[in-house]
Amino acid sequence: MEIFLIILGILLMILGVLGSFLPILPGPLTSWVGLLVLHFTEGVQLSNTFLVVTLIFAIFIYVLDYIIPAVGTKRFGGSKEGMIGTTLGLVIGLIAPIPFGIIIGPFIGALVGEMIHRNDINKALKSAFGSFLGFIASTFLKFIVAIIYLGLFIAKLSEHNASWY
């Protein structure tokens with residue numbers, strides 16, 4: 001059972017890091033669940049305070065993930081269509097076999113979304129840039145938190161002091 005929980009925790013940590021980029025997975029929350037699974041192993045001691053603080057932080061980042069792109073979009077005069085375009089561009093950028101698709105896709109998606117909303121290229125470019133900046137800031141923040149949680153997972157796992165079977 002011990003090995004199963006550790007492998008499950010590792011998989012959740014990997015999904016958490018991937019979830020920083022994929023809009024379907026809540027990256028830091030998934031990473032936190034990996035820490036929680038590690039807590040249930042016999043050889044690792046995680047305090048309740050540690051789990052509560054990391055959960056609160058993961059929830060805070062989850063909420064910010066919705067606020068930051070909206071602020072970036074609104075600050076540069078963006079629309080709902082621009083935000084939708086950013087998300088669709090990310091998914092297409094991840095799937096399409098083009099270099100830097102994860103970076104180019106959201107910007108092009110935002111630009112297309114803004115062009116659908118208004119047919120003014122200058123305003124659409126400005127709005128797309130704001131939407132793109134919000135997306136990049138949010139993704140970077142989620143990635144940093146997921147990497148920190150992964151580091152905490154590895155550090156706690158290295159302190160494992162029970163039998164592995």
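Both backbone and side-chain heavy atoms feed into the values below; hydrogens, waters and symmetry mates do not. What you see is a predicted model; the values in this text were computed from it and never measured.
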Testing the basics here: between [X] and [Y], what is the closest heavy-atom pair and its distance to 0.1 Å?
X: Val17; Y: Ser31; value: N-OG, 4.1 Å
X: Ala155; Y: Ser158; value: O-OG, 2.6 Å
X: Glu2; Y: Gly43; value: OE2-N, 3.2 Å

Can you tell if the side chain of [X] reaches within under 4.5 Å of the side chain of [Y], non-hydrogen atoms only?
X: Ile108; Y: Ile92; value: no
X: His39; Y: Val44; value: no
X: Trp32; Y: Ile59; value: no
X: Leu5; Y: Leu38; value: no
X: Ile10; Y: Ile6; value: yes
X: Phe76; Y: Leu133; value: yes
X: Phe135; Y: Thr87; value: no

Can you measure from [atom1] ([X]) to [atom2] ([Y]) and round to the nearest 0.5 angstrom?
X: His117; Y: Ile84; atom1: NE2; atom2: CD1; value: 11.5 Å
X: Thr30; Y: Tyr149; atom1: OG1; atom2: OH; value: 11.5 Å
X: Ser20; Y: Ile147; atom1: OG; atom2: CD1; value: 7.0 Å
X: Ile136; Y: Leu141; atom1: CD1; atom2: CG; value: 12.5 Å
X: Thr54; Y: Ile148; atom1: OG1; atom2: CD1; value: 11.5 Å
X: Ser138; Y: Leu64; atom1: OG; atom2: CG; value: 8.0 Å

Is it the case that atom CZ in Phe140 sees more than 12 heavy atoms from other parts of the structure closer than 6.0 Å?
no
Going by salt bridge (Lys or Arg N to Asp or Glu O under 4.0 Å), name the pairs with one or both residues in residues 77-89, residues two or more places apart or in two chains.
none
Residue pairs involving residues 135-153 (criterion salt bridge (Lys or Arg N to Asp or Glu O under 4.0 Å); sequence neighbours excluded)
Asp65-Lys142
[X], [Y]: one ILVMFWY side-chain cluster at the under-4.5 Å cut-off?
X: Val145; Y: Phe21; answer: yes
X: Val52; Y: Tyr62; answer: no
X: Leu150; Y: Val37; answer: yes

